[in-house]
Amino acid sequence: MTENQSRVYPMLQQEDDDTSLPDEYLAVGGPTAAATKEASALLISASDKAGMVGIDRERINAILLRESGNSTFMQRQRAMDENTNKKIEDLKRRLFDKENSATNDWRRDMKQFTIDKLLRNYRSQRRRISACAVIDMDGFFISCHILDHPHLENIPACVGGTSMISTSNYVARQYGVRAAMPGYIGSTLVKELSGGKQTLTFVKSDFDLYKKKSSEVRAVLEEYDPNLQMHSLDEAYMDIGPYLERQLLDQTGELSHEDIRKNLLVKTNPSKHNGDQSANQMSKIELHGMLPLSKMHAAAKALLHSIRQKVKDTTGLTCSAGLSSNFLLAKIASDVNKPNGQHFVGPSEEEINDFVNPLPIRKVNGIGRVMEKTLRGTCGVETVKDLYDKRAEVYFLFKPATAQFLMRASIGYSEGKHHASTEEESSDADDGRKGISHERTFSPISSWSDMCTKLEGITLSLVDDIRTKNLRPKTITLKVKLTNFDILSRATTRDVALFQNCNNRSSAQDLVDIVINLLKEAKREHEREGTSKNDKSAMSTGSPFSVRLLGVRCSNFQLQKDTNQLSLDRYRTSGHMDNSFSHMVSNNEPQTSPIVNNPYVSRKAMPSSETVLVDKAQTNATNSKRSLYRPSLSDHSDPKPSCNKAPTENSKSVQCPLCCKYFQTDKHGNAEINAHIDSCLNTSTVKELAREETLCANKKIEKKRRRLTDFFSS
């Protein structure tokens, strides 16, 4: 996997030390169940992907363990696996104690009074039709290259190198080669399992190509759901229900695809089309009442097929899809008929149970190898049906959030919403986004200057995404993975969010400075821990600060609509002003800006003069930068009301609380004064004040931390 990738997986390194394995893995009789069991618990690459049905899993897992040997990664994985085993023993002991202390049938009571009530509530919230679709491109990275090099389709090929594979084609998957696998192991698998007849071909990654093809795919899919979400370059979550409603309610057949597409675009902005919103609600009720489910679902499957066909015709790439009443089931279903197929799961309880009950729990998104081993070891859970049958034990043993997630999974229910239902929801923090991050894996480096150079590049790449998505983060987190696969993380939270102005260059440098300081802190802490270990044991040398992965995450976003601002109503006047203030205006006496009494602005923000006048050119420049946040005032066709004038007797005016200018209200309401206040608050004086206060606070925190460190080290 190359440095240009935003998501990376652990890399298995070949070591020069002894890679011998216990005899049970190398016995003449072939691999045992122990090899398969351990490989499944330790390696991501030991799990199957689409196109790997019928492979010799036991033999493949034995090769994985043999080739990985006693590498640093495997040593760490075994240590973590031991921690999982201890956790399983603790949970089993807790369950045993519960059995001995219970005076009644606690399982029956927990199901009756707690769990089954919860599950009934989940079931009552299911959608009545299956209109949630997940589109998953088939071997996306390698398929992009096959368009230009068709011969790659018929030989074992993958994108990546000997260090890491990011995607393999379906021929290579028959030999157990998959993403998240070291390339040298993939080569060994193909060579041994083919008897030396085949070799694995490596293709260099090209992310410019992948982004281009992903944009083409998205453009097609957005014609059917303008609110779709792309969870990666090759995976889209869509709600085709609104498109389906318009298609089925068109009795005359006059509506073309373009007509429906334009109608969907209108629906995405209900604040501008209130009548259309109520019409949409009525159409949904009418649709459920008029049409039988069988007809609706037949139309949904036909629509999904036409979407997939249009993607292929437009991009040359095939995709698979799942269609169900929620996105959890649709995601699982999208993997059933790969490649170039689709699978439908009906909305009834019987259809859902028939689909999910036989599934291995590892198929459920959110259940990984550790959770799989824990559930198997504590409760004997192997399938989703087992998870439902053992729901009392699971609910008792796990924390509430985890237990509720597993309860939802046991009945195939998902309450996750992938679309914002209103304009207000979609405008804040990028559709409810919790965080955005970039990370890179590279060959281990120990030079401080090299680390800083890598980290700066990662941060500036993240800055581009932050500006594109118009985000204002307050919390910054640094992730560091050392050569021995230990993971360090450091985080800091600011009082003032970064990127208050999307074109502010200083915020980018501020973010770089913050993550460099976090890296210094992580390095200092690591060296301090290594020194303490050396003091305790002369045999311990401590691991060097050698880094193989760096990542930066921004979160805790400030909403674009600041709910802490004072209401403008308190500054509204209706021609009956305070006598003393009217006297000041009439006599042209110096006016003291209301900013002096504004609790949200410090007095330090005041210039030397008592009046605050915003230069017109500066205001216009600020407004042009601010265009991403609010519509420009120039968009209105009406003449711009005059400002800087006291209100007339018969007019209604609003005074800017910062510079004392007046704005007459009109049919646009407070839009003009709101935009003007934004420009005042974005002036260099206020922004410089916020910057100074943040730096001052950080210096105080650092000084306090230094005093505490000196105290405990003395």
Salt bridge [X]-[Y], side-chain N to carboxylate O under 4.0 Å:
X: D389; Y: K385; value: yes
X: R528; Y: E525; value: yes
X: E89; Y: R93; value: no
X: K98; Y: E393; value: no

Can you find a heavy atom in the side chain of [X] that is under 4.5 Å from one in the side chain of [Y]?
X: H343; Y: V345; value: yes
X: E235; Y: V134; value: yes
X: M371; Y: T402; value: yes
X: T167; Y: M137; value: no
X: I332; Y: F355; value: yes
X: V384; Y: K363; value: no
X: L406; Y: Y395; value: no
X: V547; Y: K454; value: no

Minimum heavy-atom separation for [X] to [Y], with atom names?
X: M164; Y: A180; value: SD-C, 3.5 Å
X: A409; Y: V364; value: CB-CG1, 3.9 Å
X: A330; Y: S324; value: N-CB, 3.8 Å
X: H438; Y: D465; value: NE2-OD2, 2.7 Å
X: A236; Y: M230; value: CB-SD, 3.4 Å

Whether over 12 other heavy atoms sit under 6.0 Å from [X] [atom1]:
X: N104; atom1: CG; result: yes
X: K338; atom1: NZ; result: yes
X: E350; atom1: CD; result: no

- [ ] Evaluate the ring planes of Y413 and Y122, with Trp represented by its six-membered ring, and classify them as parallel (under 30°), tilted (30 to 60°) or perpendicular (over 60°).
- [x]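 Correct class here is parallel.
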Open item on the list: Determine whether L478 and L455 satisfy the following criterion, side chain to side chain contact (heavy atoms under 4.5 Å, CB included), listing intermediate values before the conclusion.
Closed with: CA-CA 10 Å; L478 173 71; L455 188 56; 3.7 Å; yes
Task: Side-chain donor or acceptor of N169 paired with backbone N/O of G139 under 3.5 Å - done: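 Pair absent, no side-chain N/O of N169 close to backbone of G139.
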Task: Under 3.5 Å donor-acceptor, S461 side chain and G457 backbone - done: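 Between the backbone of G457 and the side chain of S461 there is no qualifying donor-acceptor contact (under 3.5 Å).
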- [ ] Determine, stepwise, if the pair R126 / I352 fulfils side chain to side chain contact (heavy atoms under 4.5 Å, CB included).
- [x] CA-CA 11 Å; R126 291 195 194 274; I352 291 175; 3.3 Å; yes
Checking [Y] against [X]: is there a side-chain donor and acceptor pair closer than 3.5 Å?
X: D136; Y: S320; value: no
X: T475; Y: T493; value: yes
X: S348; Y: E351; value: yes

Open item on the list: Exactly one of D81, N484, D486 should register a side chain to side chain donor-acceptor pair (under 3.5 Å) with R76. Which one does?
Closed with: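 Filter result, single survivor: D486.
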Task: Interatomic distance, I367 atom CD1 to F405 atom CZ [nearest 0.5 angstrom] - done: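 The CZ atom of F405 is 5.0 Å from CD1 of I367, to the nearest 0.5 Å.
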TODO: Evaluate side chain to side chain contact (heavy atoms under 4.5 Å, CB included) for K111 paired with R391, printing each intermediate quantity in order.
DONE: CA-CA 8 Å; K111 291 177 183 177; R391 60 190 182 278; 3.7 Å; yes
Open item on the list: For a side chain to side chain contact (heavy atoms under 4.5 Å, CB included) check, start with the C-alpha distance between V394 and M407, then their side-chain angles and the critical distance, and finish with the verdict.
Closed with: CA-CA 8 Å; V394 171; M407 293 302 100; 3.9 Å; yes
Task: Six-ring centre of Y170, R173 cation under 6.0 angstrom, axis tolerance 45° - done: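 Geometry flag: set, cation within 6.0 Å and 45°.
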